[in-house]
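The block underneath contains the structure these notes are about, expressed in structure tokens.
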Amino acid sequence: QVQLVESGGGLVQAGGSLRLSCGASGRTFSRYAMAWFRQGPGKERVFVAGSRRTGGSTAYAESVKGRFTISRDNAKNTVYLQMNSLKPEDTAVYYCAAATPPRSGSVLYFSPRDYDAWGQGTQVTVSS
């Protein structure tokens with residue numbers, strides 16, 4: 001079972017930036033499609049950004065396009081989420097997720113049901 005550990009959350013003023021990191025255990029990280037989701041208070045967990053296993057293809061929720069960037073370093077078993085121009089509505093717990101084999105790492109998945117490994121979450125709070 002893959003273990004994921006997020007870091008980098010915190011409190012930031014609107015307009016500021018944060019970079020989240022997610023480290024994965026194991027030796028087959030490069031085979032996984034990876035994604036970031038977020039969940040606000042009383043809300044469902046929603047897709048934020050995703051990456052195919054090579055990192056060459058990514059996808060974003062409309063609400064974060066142009067502000068957030070997902071990237072990965074397969075040599076370090078780590079995926080990142082750079083968040084710029086943060087807004088109060090970005091406040092949420094952010095979760096890292098992995099879609100592991102037999103799921104294909106060459107597919108971009110958008111539903112939480114397609115991911116079978118999750119981190120514990122990291123809180124991001126954006127003040128106005």
Side-chain angles (χ1 to χ4, degrees):
Q1 179 71 21
V2 175
Q3 294 187 334
L4 304 174
V5 179
E6 301 104 333
S7 61
L11 173 64
V12 64
Q13 289 188 331
S17 298
L18 283 174
R19 187 174 87 151
L20 306 183
S21 299
C22 172
S25 64
R27 301 181 179 180
T28 56
F29 177 79
S30 63
R31 299 176 62 187
Y32 309 156
M34 298 295 298
W36 290 93
F37 287 77
R38 68 186 181 187
Q39 188 167 15
K43 297 183 179 180
E44 293 183 347
R45 192 170 298 187
V46 297
F47 175 85
V48 174
S51 168
R52 292 181 180 174
R53 61 183 184 89
T54 62
S57 181
T58 57
Y60 298 91
E62 284 296 326
S63 59
V64 306
K65 275 184 181 178
R67 300 188 298 121
F68 290 12
T69 302
I70 186 171
S71 61
R72 62 192 293 165
D73 185 338
N74 286 344
K76 295 183 178 180
N77 282 15
T78 302
V79 63
Y80 305 96
L81 185 67
Q82 177 67 44
M83 305 185 294
N84 298 329
S85 302
L86 282 160
K87 304 175 181 180
E89 51 263 44
D90 294 318
T91 294
V93 177
Y94 283 71
Y95 296 90
C96 172
T100 67
R103 293 167 181 82
S104 171
S106 298
V107 176
L108 284 167
Y109 303 101
F110 299 94
S111 170
R113 294 188 299 273
D114 291 317
Y115 293 85
D116 57 320
W118 293 85
Q120 81 287 356
T122 186
Q123 176 70 47
V124 171
T125 303
V126 184
S127 63
S128 57

_Which atom of Ser128 lies closest to which atom of Ala14, heavy atoms considered_ = CA-CB, 4.4 Å
*Which atom pair, heavy atoms only, marks the closest approach of Gln123 to Ala92?*
NE2-O, 3.4 Å
_disulfide (SG to SG under 2.5 Å): pairs with one or both residues in residues 32-84, sequence neighbours excluded_ = none
*Could you give all pairs that pass the disulfide (SG to SG under 2.5 Å) test and reach residues 98-128, with sequence neighbours left out?*
none
*List in chain and number order the residues that pass salt bridge (Lys or Arg N to Asp or Glu O under 4.0 Å) with Glu44, two or more places apart in sequence or in another chain; answer none if no residue qualifies.*
none
*side chain to side chain contact (heavy atoms under 4.5 Å, CB included) with Val107: which residues, sequence neighbours excluded?*
Ser104, Tyr109
*Please list all pairs passing the salt bridge (Lys or Arg N to Asp or Glu O under 4.0 Å) test where one or both residues lie in residues 70-91, with sequence neighbours left out.*
Arg38-Asp90, Arg67-Asp90
*Can you name the residues that form a salt bridge (Lys or Arg N to Asp or Glu O under 4.0 Å) with Lys43, not counting sequence neighbours?*
none
*Supply the members, apart from Met83, of the Ile/Leu/Val/Met/Phe/Trp/Tyr cluster built from side-chain contacts under 4.5 Å; use none for a lone residue.*
Val2, Leu4, Val12, Leu18, Leu20, Phe29, Tyr32, Met34, Trp36, Val48, Tyr60, Val64, Phe68, Ile70, Val79, Leu81, Leu86, Tyr94, Val124, Val126
*How long is the span from the CZ atom in Arg45 to the OH atom in Tyr115, to the nearest 0.5 Å?*
13.0 Å
*Nearest heavy-atom neighbours spanning Gly23 and Thr78*: CA-OG1, 4.2 Å
*Taking a hydrophobic cluster as the set of Ile, Leu, Val, Met, Phe, Trp and Tyr residues connected by side-chain heavy atoms closer than 4.5 Å, whether directly or through intermediates, do Val46 and Tyr95 fall within one such cluster?*
no
*Is there any side chain to side chain donor-acceptor pair (under 3.5 Å) pair reaching into residues 16-27, and which pairs are they, with sequence neighbours excluded?*
Ser17-Asn84
*Is there a donor-acceptor pair under 3.5 Å between the side chain of Asn77 and the backbone N or O of Gly26?*
yes
*Please collect all disulfide (SG to SG under 2.5 Å) contacts where either partner lies in residues 45-128, sequence neighbours excluded, each pair once.*
Cys22-Cys96
_Show me the pairs that pass disulfide (SG to SG under 2.5 Å) and involve residues 23-88, at least two apart or across chains._
none
*Check: Gln120 main-chain N/O paired with Glu6 side-chain donor or acceptor under 3.5 Å*: yes
_Test: salt bridge (Lys or Arg N to Asp or Glu O under 4.0 Å). Region: residues 94-108. Which pairs qualify, not counting sequence neighbours?_
Arg103-Asp116
*What's the shortest heavy-atom distance between Phe47 and Ala59, and which atoms?*
CZ-O, 3.7 Å
_Pairs touching residues 51-61 that satisfy salt bridge (Lys or Arg N to Asp or Glu O under 4.0 Å), sequence neighbours left out_ = none
